[in-house]
Amino acid sequence: VFHRRAAHLHCHAALGEFGQLAKLLDAKILVDSSLAGKKVSIDMKRASVEEVLNAACGQANARWQLKGGDEPLLAVDPAP
């Protein structure tokens, strides 16, 4: 569970532009090239990063995973 919350988020962007969410997690982002141009539209209040990612990936038929290690990585891939 992520504790960082945005006061209000209104976003209409491509998944490949979600680097700000990765920064909130102190991670780099890697979006599968087949998803990079998919557009999502989100309007959420007091949402966690996890909630925002779930909403964005739900719209784009994708899934996300936060991979730990020396350099954490937020990976976004097509849903199976």
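Values below: every heavy atom of this structure, side chains too, minus hydrogens, waters and symmetry copies.
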remark   = So the salt bridge (charged side-chain N to carboxylate O under 4.0 Å, His left out) pairs with at least one residue in residues 55-78 (sequence neighbours excluded) are Lys28-Glu71

Between [X] and [Y], what is the shortest heavy-atom contact and its length?
| X | Y | result |
| --- | --- | --- |
| Ile29 | Ala22 | CB-CB, 3.8 Å |
| Leu35 | Ala60 | CD2-O, 3.9 Å |
| Ala62 | Val76 | CB-CG1, 4.1 Å |

ask   = Can you get from Leu21 to Leu30 by hopping between Ile, Leu, Val, Met, Phe, Trp and Tyr side chains that sit under 4.5 Å apart?
value = no

query = Cluster question for you: counting only ILVMFWY and a side-chain heavy-atom cut-off of under 4.5 Å, with indirect links fine, are Val40 and Leu25 together?
reply = yes

request  = Please list, chain by chain and in numerical order, all residues satisfying side-chain hydrogen bond (donor to acceptor under 3.5 Å, both in side chains) with Ser34, sequence neighbours excluded.
outcome  = Asp32

inquiry  = Test of understanding: with side-chain hydrogen bond (donor to acceptor under 3.5 Å, both in side chains), list the residues that count as partners of Asn54, not counting sequence neighbours.
reply    = Trp64

Atom pair NZ/CG of Lys38 and Asn61 - distance to nearest 0.5 Å = 5.5 Å

message = What I'd like to find out is whether the side chain of Leu74 reaches to under 4.5 Å of the side chain of Leu53, using heavy atoms alone.
response = yes

